[in-house]
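Right, one structure below, let's go through it.
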Amino acid sequence: MSKISEEFLEIMIKTYGKGVNDWVQKLPDLISECEHKFGIKIEKSFDNLSYNYVAEGTKDDRSVVLKLSFLKEDLEKEVRVLKAFQGRSVVEVIEYDEVLGALLMEQVVPGNALTSVGNDQEEVEIFCQVFEDLHSPKLKVTDDYTSISRWFEGIKRYRKNYGSNGVIKEAAIGRAEELLEGLVQTTEASVLIHGDLHQGNILRDHKGEWKVIDPKGIVGDIHFETIQYLLNHIDREGDPDKVLKRRIKQMSDCLNLDKYRIVKWGIVRGILEACWAIENGNSCRNGLDIFERFNRLLTTI
């Protein structure tokens with residue numbers, strides 16, 4: 001196996017700190033161990049690696065993907081989520097080794113992302129079909145997945161660190177906190193959701209079927225499952241405000257969801273994005289743009 005790129009090492013150190021260096025340096029040996037244990041041949045890594053090492057290969061003439069994670073507990077949770085959704089348009093888990101932190105999955109070939117369809121309304125329609133496949137029936141779980149309240153703890157951390165004196169206006173952070181509390185309290189049923197169901201995580205295989213990858217595994221309001229899709233490709237075939245309004249109407253009509261709850265989750269998600277950016281030393285402008293876009297829509301939807 002060729003040497004791991006310095007670019008990948010830099011990304012991993014930026015994400016996890018210098019403690020990840022030893023893990024990255026040992027990756028060639030770890031990959032070889034996985035090849036022997038799983039009976040696979042690794043061909044090459046995917047482009048634009050981040051957070052994990054992911055490579056494509058073969059097992060008995062079958063195309064597979066090997067995913068190696070520095071944070072083994074995160075990979076273990078992903079495996080549990082994938083197994084919970086097996087048979088519901090998610091990629092198949094072939095093998096998993098907890099000690100190695102290694103997951104072997106089917107590879108979606110050719111693996112064209114949903115955006116390859118080229119028509120936003122048709123893409124939303126396909127998203128709705130995948131959504132229904134994942135959530136019919138809804139999975140009510142008791143396992144230790146991330147609660148939606150925990151997922152939004154970045155807002156609490158921001159409040160603790162900055163009070164009312166941060167760069168996010170008090171009216172905006174206060175509105176997000178109020179909406180979040182109301183949404184959590186009025187959730188009729190907490191169910192397992194993918195949590196990152198955007199266009200790039202919905203891939204087409206050679207049969208023309210759509211497969212889902214990279215779940216986060218969040219337990220909470222099913223309306224939140226729509227949000228990550230709505231944050232991507234915002235100006236596709238029109239003004240971002242018009243695109244957002246059209247998408248939400250199409251989703252709510254097709255999936256029998258409350259469009260106001262979708263919008264409210266979008267408002268809160270925007271503030272969370274801003275809080276995460278500030279934690280990472282980045283500009284919070286994108287998160288505030290999300291907040292403002294959804295907030296404008298609440299009175300016109």
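Worth knowing before you read on, the calculation uses all heavy atoms, side chains too, and leaves out hydrogens, waters and symmetry mates. What you see is a predicted model; the values in this text were computed from it and never measured.
Taking Phe46 as the reference, nothing meets the ring pair (Phe, Tyr, Trp, His ring centres under 6.0 Å) condition, with sequence neighbours excluded. For Arg88, the side-chain contact (heavy atoms from CB on, under 4.5 Å) partners at least two apart in sequence or on another chain are Phe85, Leu134, Pro137, Leu139. When the ring pair (Phe, Tyr, Trp, His ring centres under 6.0 Å) test is applied to Tyr162, the partners found at least two apart in sequence or on another chain are Tyr158. Every residue two or more places apart in sequence or in another chain that forms a ring pair (Phe, Tyr, Trp, His ring centres under 6.0 Å) with Tyr229 is listed here: Phe127. Under the rule for a side-chain contact (heavy atoms from CB on, under 4.5 Å), the partners of Asn282 that lie at least two apart in sequence or sit in another chain are Ala277, Asn280. Residues satisfying the side-chain contact (heavy atoms from CB on, under 4.5 Å) test with Thr300, not counting sequence neighbours, are Lys245, Leu297. Residues passing the side-chain hydrogen bond (donor to acceptor under 3.5 Å, both in side chains) test with Asn161: none are found, sequence neighbours excluded. When the side-chain hydrogen bond (donor to acceptor under 3.5 Å, both in side chains) test is applied to Lys156, no partner is found at least two apart in sequence or on another chain. Residues satisfying the side-chain hydrogen bond (donor to acceptor under 3.5 Å, both in side chains) test with Lys83, not counting sequence neighbours, are none.
The backbone N or O of Ser190 lies less than 3.5 Å from no partner atom in the side chain of Lys140, so there is not a single donor-acceptor pair. The backbone N or O of Asp258 sits less than 3.5 Å from a side-chain atom of His223, completing a donor-acceptor pair. For the pair Arg204 (side chain) and Gly208 (backbone), a donor-acceptor distance under 3.5 Å is absent. The backbone N or O of Gly195 sits less than 3.5 Å from a side-chain atom of Glu225, completing a donor-acceptor pair. Side-chain N or O atoms of Tyr51 include none that pairs as donor or acceptor with a backbone N or O of Ser69 at under 3.5 Å. A donor-acceptor pair is defined here as one N or O able to donate and one able to accept, closer than 3.5 Å; no such pair exists between the side chain of Glu56 and the backbone of Gln107. For Gln86 (side chain) and Leu82 (main-chain N/O), a donor-acceptor pair under 3.5 Å exists by modelled atom type. With hydrogens and angles disregarded, a donor-acceptor distance shorter than 3.5 Å links the side chain of Ser252 to the backbone of Lys249. Side-chain atoms of Asp235 never come within 3.5 Å of backbone atoms of Asp239 as a donor-acceptor pair (strictly under, hydrogens ignored).
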Criterion salt bridge (charged side-chain N to carboxylate O under 4.0 Å, His left out) on Lys37 and Glu95, from CA distance to verdict | CA-CA 10 Å; Lys37 181 177 180 61; Glu95 294 191 58; over 6 Å; no
For Gln250 and Arg247, what are the C-alpha separation, side-chain angles and deciding distance, and is it a side-chain contact (heavy atoms from CB on, under 4.5 Å)?
-> CA-CA 5 Å; Gln250 187 175 353; Arg247 284 177 173 178; 5.7 Å; no
Under the side-chain contact (heavy atoms from CB on, under 4.5 Å) rule, what do Leu288 and Ile271 come out as? Steps first, then yes or no, please.
-> CA-CA 6 Å; Leu288 295 180; Ile271 293 300; 4.2 Å; yes
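In plain terms, the two heavy atoms of Leu68 and Trp23 that are nearest each other are O-CH2, 3.7 Å. Heavy atoms only, all atoms of each residue included: Ala113 and Gln199 are closest at CB-O, 3.8 Å. Minimum heavy-atom separation, Ile168 to Ala274: CD1-CB, 3.8 Å. Considering every non-hydrogen atom in both Leu100 and Cys34, the closest pair reads CD1-SG, 4.1 Å. Minimum heavy-atom separation, Leu103 to Glu78: CD2-OE2, 4.1 Å. Among all heavy-atom pairs drawn from Leu230 and Met251, the shortest one is CD2-CE, 3.7 Å.
With contacts defined as side-chain heavy-atom distances shorter than 4.5 Å, the pair Ile148/Val184 qualifies. Side-chain contact between Glu177 and Glu181 is absent, with no heavy-atom pair separated by less than 4.5 Å. Within the 4.5 Å cutoff, the side chain of Ile11 has no heavy atoms near those of the Leu49 side chain. With contacts defined as side-chain heavy-atom distances shorter than 4.5 Å, the pair Arg62/Ile94 qualifies. Under the 4.5 Å side-chain criterion, counting only non-hydrogen atoms from C-beta, Trp151 is in contact with Phe224. Residues Glu33 and Asp29 fail the side-chain proximity criterion, which asks for heavy atoms closer than 4.5 Å. For the pair Leu27/Phe8, a side-chain contact is recorded, criterion being any heavy-atom separation below 4.5 Å from C-beta on. Using a 4.5 Å heavy-atom cutoff, the side chains of Thr186 and Arg261 are in contact.
Other residues, nucleotides and ligands contribute at most 12 non-hydrogen atoms within 6.0 Å of the CD atom of Glu98. Shown here is Glu7, whose CD atom has no more than 12 heavy atoms of other residues, nucleotides or ligands within 6.0 Å. For CD of Glu178, the number of neighbouring non-hydrogen atoms (other residues, nucleotides, ligands) closer than 6.0 Å is 12 at most. Applying the 6.0 Å contact sphere to CZ of Arg157 captures more than 12 heavy atoms from other residues, nucleotides or ligands.
Placement of Val109 and Leu66 in two distinct hydrophobic clusters is found when ILVMFWY residues are connected by side-chain heavy-atom separations under 4.5 Å, directly or transitively. By the criterion of side-chain heavy atoms lying less than 4.5 angstrom apart, applied directly or through intervening Ile, Leu, Val, Met, Phe, Trp or Tyr residues, Ile227 is grouped together with Val191 in one hydrophobic cluster. A single hydrophobic cluster is not seen to contain both Ile126 and Val243; linkage of ILVMFWY side chains at heavy-atom distances under 4.5 Å, directly or through other members, places them apart. Linking ILVMFWY side-chain heavy atoms closer than 4.5 Å, directly or via other members, places Val268 and Ile234 in two distinct hydrophobic clusters.
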Identify every side-chain donor-acceptor pair in residues 210-219 under 3.5 Å, counting partners at least two apart or on other chains, and give the distances.
| unit_1 | atom_1 | unit_2 | atom_2 | d |
| --- | --- | --- | --- | --- |
| Lys211 | NZ | Glu106 | OE1 | 3.4 |
| Lys211 | NZ | Glu106 | OE2 | 3.2 |
| Asp214 | OD1 | Lys67 | NZ | 3.2 |

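Atom OG1 in Thr58 sits 8.5 Å away from atom CD1 in Ile40 (nearest 0.5 Å). Note that CG of Asp253 and CD1 of Ile248 are 11.5 Å apart. Values are rounded to the nearest 0.5 Å. In this structure, Gln25 CD and Leu30 CG are separated by 13.0 Å, a value rounded to the nearest 0.5 Å. Taking CG from Asp97 and NZ from Lys72, the interatomic distance works out to 8.5 Å, rounded to the nearest 0.5 Å. Between the SG atom of Cys284 and the CD1 atom of Ile290 there is a distance of 11.0 Å, given to the nearest 0.5 Å. In this structure, CG on Leu257 lies 8.0 Å from SG on Cys128, to the nearest 0.5 angstrom.
Listed by first and then second residue, the ring pair (Phe, Tyr, Trp, His ring centres under 6.0 Å) pairs that reach into residues 172-200 come to none, sequence neighbours excluded. Sequence neighbours left out, the pairs with a member in residues 262-278 that pass side chain to side chain donor-acceptor pair (under 3.5 Å) are Asp221-Trp265, Gln228-Arg269, Arg269-Glu273.
In summary, Glu292 and Arg285 engage in a salt bridge, as defined by a charged side-chain N under 4.0 Å from a carboxylate O. Between Arg159 and Glu170, at least one side-chain N (NZ, or NE/NH1/NH2) sits under 4.0 Å from a carboxylate O, which counts as a salt bridge.
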